[in-house]
S.K.: 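What follows is a structure written as structure tokens; I'll ask about it next.
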Amino acid sequence: MAIKIYRPPSGEIPAYNKDVENKENAIINSTSGPSQNRDFPIRPAYGFQGKVTTLWANYTEIQLKDNLPAFHRYTIAIKPESKGKKAAQVINLFLKESSLKDIVTDFRSTLLSRTNFECPGPKPISYRDEDEKEPRKDAKKYTVTLSYDKSLSVSDLNEYLSSKESSKVYLLKDEMVHALNIFVNYSSKTNPKSVTVGDGKVFDRGNAESNNLTRGLKAVRGFYASVRLATSRLLVNVNVTHAAFYQNGSLLTLAATYQGNDRRDKASLELFLKRLRVRPTHLKSSRIRTIFGFASNKDGNKLGHPPRVKGFAANSKQVEFWWDKEGEKKYISVYDYFLREYRMALKNWGEPVINVGNLENPTYLPLETCTVLPDQVAKTKLDRDQISKMIKFAVGGRGPDRNAGDIQLKGFKAVGLSSNNSSLVRSPCTILITVPGRILRAPGVSYRNKKTISLKKGGWSLMEVQFNESGDRKKWACVHIHMSGERAINNQPNGFKEQFQKELRNNGVAYSNPISLEEGAVEVRRYEDIEPIFRKAVGKGVFLLIFIFAQKASSAWYNYIKQLGDTKHGIATICVVGQHDFSPQYVANITMKFNLKMGGNNQFVHFNQPSLDFSETMIVGIDVTHPATGSSTEAPSIAGMVASVDASLGQWPAVIRRQAVKGQEMVSELDDMLKSRLKLWHKNNKRYPKNILVYRDGVSEGQFKKVLESELPLLRKACRDLYPASDQNRGLPKISVIIVVKRHHTRFYPTIEKDADEKSNPKMGTVVDRGVTEARNWDFFLQAHEAIQGTARPIHYFVAHNEIFQGMGPGQNAAQSLENVTHGLCYAYGRATRAVSVCTPAYYADRVCDRARCYPDITEIHKELKDCMFYI
């Protein structure tokens with residue numbers, strides 16, 4: 001594939017901003033002491049190792065107009081309380097009926113003005129939809145009240161940006177950035193040609209690129225914009241983004257398309273249609289309605305004449321409501337009502353009736369009398385096929401150069417930056433900025449007998465190498481499973497076992513001969529058919545069980561097997577699909593899992609000058625995962641923790657906890673979780689570690705400070721409970737917390753071919769700590785991997801707390817040391833023969849949380865597995 005490099009319309013590659021570089025250096029070299037008001041550690045230095053390269057970044061610089069003394073912030077209160085689109089429309093009506101000028105709003109709760117005005121009194125608003133010219137007679141009444149909150153001084157912002165002191169603190173930074181984002185996003189939110197999603201995503205109404213995702217959804221391409229503070233300047237991050245939208249048109253067609261051949265699962269169809277905005281078609285003039293759900297026998301139970309509904313998702317002949325018109329009082333079915341009132345004999349009367357009112361006061365409509373409004377984002381969970389199509393649309397055939405070009409040519413205009421109609425920005429923003437990067441040297445990777453392998457494109461081969469350390473010789477077995485009705489392939493188990501044992505020998509894994517559990521294939525019809533296999537395995541002392549499925553099974557089967565093995569019977573499990581040809585590469589992947597589950601260590605990483613002794617440093621990965629869109633309302637948030645057990649960094653056993661509150665990002669039982677990892681370290685090393693280096697994943701940017709307020713005290717409590725007084729008196733252990741941010745919109749693009757990989761991304765090992773960062777904070781972006789397709793996403797690492805890297809001796813660079821440690825950890829992932837995108841402790845913690853989703857109501861791992869990598 002030919003390398004394609006983004007070129008701006010001018011063809012010129014601007015040099016890195018010299019004023020910014022000088023300011024960065026001045027702040028780092030500042031002699032001012034640390035401020036007492038700082039939340040996070042000051043950057044000790046910039047990294048210096050690696051081949052220097054110049055990169056495009058998907059940011060543009062903005063300059064505020066000179067006549068902006070302050071932003072005056074007002075709070076918007078709506079009574080009765082309203083949220084979402086309803087609140088946005090109420091605020092929109094309020095602004096149309098008010099005399100306020102030169103203001104912007106987020107259409108939720110905040111209004112900003114360049115002038116400080118006296119708030120008008122509470123204003124009554126009669127609600128009407130955006131397509132209605134006048135309110136209806138029975139329109140709901142709201143009262144909107146503005147109240148002054150505070151003024152945000154622009155001069156304070158400019159003073160902070162121009163200061164060269166490392167100790168300079170801007171206490172209102174987050175509030176000012178939020179205000180600036182409201183200004184930037186206001187343009188697209190008020191543009192009738194744009195569809196906005198959330199706080200920063202913008203889609204071109206009617207003209208955006210799209211692709212069918214099947215089952216009633218389509219993928220749409222748009223842009224994302226967000227203001228960021230960097231050293232000495234304001235930047236706007238603009239990126240290509242994607243979202244799933246509903247197909248507009250007939251609601252009946254949409255429902256049928258979603259269901260396909262499975263017409264029985266009405267619960268999932270209701271979830272798919274819930275909150276969808278529709279317009280009834282049986283009336284000449286009808287207002288937009290929102291689907292509350294399907295008709296249910298719980299509807300209107302407190303009404304004088306509650307509806308008669310046969311059951312959930314009842315059809316138009318099974319739903320009756322009270323009819324009171326022209327002296328006639330009786331119950332009438334939805335079918336008969338439409339026949340009588342509109343002379344419509346419903347053709348699809350057997351379909352579910354929707355409720356476009358609410359639970360207390362239902363209003364019923366048949367599917368065939370509604371049309372779906374266009375440009376509605378879908379918040380439903382995508383299935384595997386839809387995810388595959390979404391990924392293909394997002395990255396298939398779209399190199400980084402094309403994304404960069406689209407941002408330049410379309411993105412700035414879409415988010416309102418290229419037109420000079422803003423009261424905020426001095427001049428239009430039309431170019432991407434450049435930043436300096438460095439391509440770090442890959443660490444060494446070795447296997448048994450210190451045999452170093454050669455890296456090629458960030459990967460390596462397992463040919464002619466043996467794993468660094470074999471796992472224990474524990475009992476294991478293979479079982480061939482086929483679902484009822486599937487054709488069993490007789491040679492599958494024997495063919496796999498022969499090839500698998502050959503690879504075990506090749507990779508130096510000590511193993512015993514597999515235990516025989518079943519003769520031939522086991523036919524399963526129900527989940528309950530799996531458990532007798534586990535009972536037999538327990539009876540024969542089996543530690544690891546390999547399930548060979550004749551064909552790929554559903555995720556529900558996988559989840560059930562993992563639940564039985566991990567939590568009930570204490571047997572490690574591996575699932576294999578018999579449709580594969582059991583190639584050496586495929587079987588080698590299974591071998592890596594096998595060795596890790598048995599307690600082995602696959603590869604050993606030789607870090608580049610890390611300045612850390614891993615025999616005295618326990619590395620911890622923490623993640624929190626929340627229920628996915630479309631999950632059960634009872635699904636909990638789950639926290640997972642992994643930690644190294646010795647200097648080899650080969651084994652990372654895990655602990656799982658269910659969060660006390662759904663959606664809670666801070667880990668509630670962190671002290672107990674860390675104590676379990678410290679005890680395991682002590683068991684292996686006969687002492688506690690001097691250092692604890694934590695990589696914390698799953699935290700949104702606005703929650704960084706909460707990690708220090710809520711989690712760091714729990715980490716310290718765990719150490720106080722376990723460490724002897726002699727260690728504590730010496731200030732041990734030293735703790736550093738690095739926040740790992742995967743979900744962000746920063747992207748980099750090479751400016752010259754020799755610094756690009758084959759997919760036209762920056763070369764693996766590229767690190768950026770200047771240009772898009774703040775000198776007063778310690779953070780960096782690292783692209784350790786080579787992306788398979790599309791634009792590579794670097795990982796953002798932010799130092800929230802530092803004790804380990806303080807006071808390093810002469811010639812030691814704390815920033816470079818942390819970059820080297822983090823980079824090296826991307827090569828320690830035991831299931832891969834290449835560098836992974838995110839450092840191993842964070843990656844493993846993410847895998848643990850994924851595994852916990854298999855059994856969301858259980859977090860206690862069986863005692864036989866709690867000290868092994870059961871989740872891998």
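Just so it is clear, the model here is predicted, and its values are computed rather than measured. Index from 1, following the sequence.
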S.K.: Show your working on salt bridge (Lys or Arg N to Asp or Glu O under 4.0 Å) between Arg658 and Asp857 and close with a plain yes or no.
M.R.: CA-CA 8 Å; Arg658 182 173 178 165; Asp857 297 324; 3.4 Å; yes
S.K.: So, do Leu146 and Thr75 sit near enough that their side-chain heavy atoms are less than 4.5 Å apart?
M.R.: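 Not touching, per the 4.5 Å side-chain cut-off.
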S.K.: Quick one: are the ring centres of Trp323 and Tyr331 less than 6.0 Å apart?
M.R.: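 Not under 6.0 Å, so no.
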S.K.: Would you compute the distance between atom CZ of Arg287 and atom CD of Glu132 and round it to the nearest 0.5 angstrom?
M.R.: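 Answer rounded to 0.5 Å: 7.0 Å.
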S.K.: Is it true that Glu328 and Arg340 have a side-chain N and a carboxylate O under 4.0 angstrom from each other?
M.R.: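 Judged by the 4.0 Å cut-off on N to carboxylate O distance, Glu328 and Arg340 do form a salt bridge.
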S.K.: Over 60° means perpendicular and under 30° means parallel, so tell me whether Tyr148 and Tyr74 are parallel, tilted or perpendicular.
M.R.: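 Taking Tyr74 first and then Tyr148, their aromatic rings stand perpendicular (interplane angle over 60°).
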S.K.: Passes salt bridge (Lys or Arg N to Asp or Glu O under 4.0 Å), Asp846 versus Lys742? Steps please.
M.R.: CA-CA 11 Å; Asp846 182 75; Lys742 295 180 294 191; 3.4 Å; yes
S.K.: Run Asp406 and Arg398 through salt bridge (Lys or Arg N to Asp or Glu O under 4.0 Å) and show every step you take.
M.R.: CA-CA 11 Å; Asp406 279 356; Arg398 286 184 65 87; 2.6 Å; yes
S.K.: Can Lys706 and Glu711 be counted as an ion pair, charged N to O under 4.0 angstrom?
M.R.: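 Salt bridge absent between Lys706 and Glu711.
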S.K.: Would Phe203 and Phe223 count as a close aromatic pair, with their ring centres under 6.0 Å?
M.R.: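 Phe203 vs Phe223: aromatic centres not under 6.0 Å.
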S.K.: Is a donor from one side chain sitting under 3.5 angstrom from an acceptor on the other, for His626 and Ser637?
M.R.: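 Present: a donor and an acceptor within the cut-off.
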S.K.: Closer than 3.5 angstrom, by distance alone: can the side chain of Asp385 be matched with the main-chain N or O of Ser388 as a donor-acceptor pair?
M.R.: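 Such a contact is absent between Asp385 side chain and Ser388 backbone.
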S.K.: Begin from the C-alpha positions of Asn212 and Gln247 and carry the test side chain to side chain donor-acceptor pair (under 3.5 Å) through to its verdict.
M.R.: CA-CA 9 Å; Asn212 184 22; Gln247 298 276 12; 3.3 Å; yes
S.K.: On the six-membered ring of Phe292, is Lys274 placed so that its NZ or CZ lies under 6.0 angstrom from the centre and within 45° of the ring axis?
M.R.: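 Yes, Lys274 sits over the ring of Phe292.
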S.K.: When you look at CG of Asn261, are more than 12 heavy atoms from neighbouring residues, nucleotides or ligands closer to it than 6.0 Å?
M.R.: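 Atom CG in Asn261 is not packed in, count stays at 12 or less.
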S.K.: In terms of the angle between their ring planes, are His745 and Tyr224 parallel, tilted or perpendicular, with boundaries placed at 30° and 60°?
M.R.: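 Correct class here is parallel.
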S.K.: I want to check something: taking the side chain as every heavy atom from C-beta on, are Tyr855 and Asn559 in contact at a cut-off of under 4.5 Å?
M.R.: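 Of all side-chain heavy-atom pairs linking Asn559 with Tyr855, none is under 4.5 Å.
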S.K.: Is the backbone of Arg275 close enough, under 3.5 Å, to the side chain of Thr290 for a donor and an acceptor to pair up by distance?
M.R.: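 Not a single qualifying donor-acceptor pair exists.
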S.K.: Is it possible for you to check whether Lys86 lies under 6.0 Å from the centre of the six-membered ring of Tyr127, through NZ or CZ, and within 45° of that ring's axis?
M.R.: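 Checked: cation-pi criterion met.
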S.K.: So which pairs with a foot in residues 304-318 pass side-chain hydrogen bond (donor to acceptor under 3.5 Å, both in side chains), sequence neighbours left out?
M.R.: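 Found Asn315-Gln318.
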S.K.: Just by distance, do the side chain of Asn297 and the backbone of Gly311 share a donor-acceptor pair under 3.5 Å?
M.R.: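 Pair absent, no side-chain N/O of Asn297 close to backbone of Gly311.
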S.K.: With side chain to side chain contact (heavy atoms under 4.5 Å, CB included) as the test, would you mind laying out the steps for Arg853 and Ile638 before giving the verdict?
M.R.: CA-CA 8 Å; Arg853 284 269 158 246; Ile638 292 173; 3.7 Å; yes
S.K.: Check whether any side-chain heavy atom of Val220 sits under 4.5 Å from a side-chain heavy atom of His242, and report yes or no.
M.R.: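 No, side chains not in contact.
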S.K.: Does any N or O in the side chain of Glu81 come within less than 3.5 Å of the main-chain N or O of Ile78, such that one atom is a donor and the other an acceptor?
M.R.: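 Side chain of Glu81 to backbone of Ile78, a donor-acceptor pair under 3.5 Å: no, none is there.
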S.K.: Where the side chain of Asp299 meets the backbone of Ser296, is there a donor-acceptor pair that is under 3.5 Å apart?
M.R.: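 Pair found, side chain donor or acceptor close to backbone of Ser296.
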S.K.: Heavy-atom count check: over 12 atoms from other residues, nucleotides or ligands less than 6.0 Å from Lys392 NZ?
M.R.: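 For Lys392, atom NZ is not crowded (no more than 12 foreign heavy atoms under 6.0 Å).
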S.K.: Mark yes or no for whether Arg277, through its side chain, and Ile288, through its backbone, hold a donor-acceptor pair below 3.5 Å.
M.R.: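 It does not hold such a pair.
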S.K.: Return yes if some donor-acceptor pair links the side-chain N/O of Gln386 with the main-chain N/O of Asp383 below 3.5 Å, else return no.
M.R.: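 It does hold such a pair.
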S.K.: Apply side chain to side chain contact (heavy atoms under 4.5 Å, CB included) to the pair Glu368 and Leu251, showing each step before the final yes or no.
M.R.: CA-CA 7 Å; Glu368 64 189 270; Leu251 178 61; over 6 Å; no
S.K.: Could you list all the salt bridge (Lys or Arg N to Asp or Glu O under 4.0 Å) pairs where at least one residue sits in residues 240-254, not counting sequence neighbours?
M.R.: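 The answer is none; no pair qualifies.
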S.K.: Using the six-membered ring wherever Trp is involved, compare the ring planes of Tyr364 and Phe321 and label them parallel, tilted or perpendicular (cut-offs 30° and 60°).
M.R.: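 Answer is tilted, since the angle falls between 30° and 60°.
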S.K.: Checking Lys266 side chain against Arg263 main chain: does a donor-acceptor pair fall under 3.5 Å?
M.R.: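 Such a contact is found between Lys266 side chain and Arg263 backbone.
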S.K.: Quick check: does any side chain N or O of Ser187 sit under 3.5 Å from a backbone N or O of Val184, one acting as donor and the other as acceptor?
M.R.: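 Absent.
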S.K.: Is the shortest heavy-atom distance from the side chain of Tyr186 to the side chain of Leu112 under 4.5 Å?
M.R.: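 With C-beta onward as the side chain, the pair stays apart.
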S.K.: Run the side chain to side chain contact (heavy atoms under 4.5 Å, CB included) test on Val415 and Asn185 for me, step by step, so that the C-alpha distance in whole Å, both residues' side-chain angles and the decisive distance to 0.1 Å come before the verdict.
M.R.: CA-CA 7 Å; Val415 302; Asn185 293 329; over 6 Å; no
S.K.: Tell me if a side-chain donor or acceptor on Ser268 pairs with a main-chain N or O of Asp265 at a distance below 3.5 Å.
M.R.: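 Side chain of Ser268 to backbone of Asp265: a pair is present.
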S.K.: Would you call Lys85 and Glu130 a salt bridge, using N to O less than 4.0 angstrom?
M.R.: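 Here Lys85 does not pair with Glu130 in a salt bridge, since their nearest N and O are not under 4.0 Å apart.
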S.K.: Taking only residues at least two apart or on different chains, which pairs with a member in residues 191-205 satisfy side-chain hydrogen bond (donor to acceptor under 3.5 Å, both in side chains)?
M.R.: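 Found Arg108-Asp199, Asn191-Ser194, Arg205-Asp375.
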S.K.: Are the side chains of Tyr142 and Lys140 in contact, using a 4.5 Å heavy-atom criterion?
M.R.: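 Lys140 vs Tyr142: side chains touch.
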S.K.: In sequence, state the C-alpha distance, the side-chain angles, and the governing distance for Thr110 and Arg73, and then conclude on side chain to side chain contact (heavy atoms under 4.5 Å, CB included).
M.R.: CA-CA 7 Å; Thr110 302; Arg73 190 172 71 195; 3.7 Å; yes
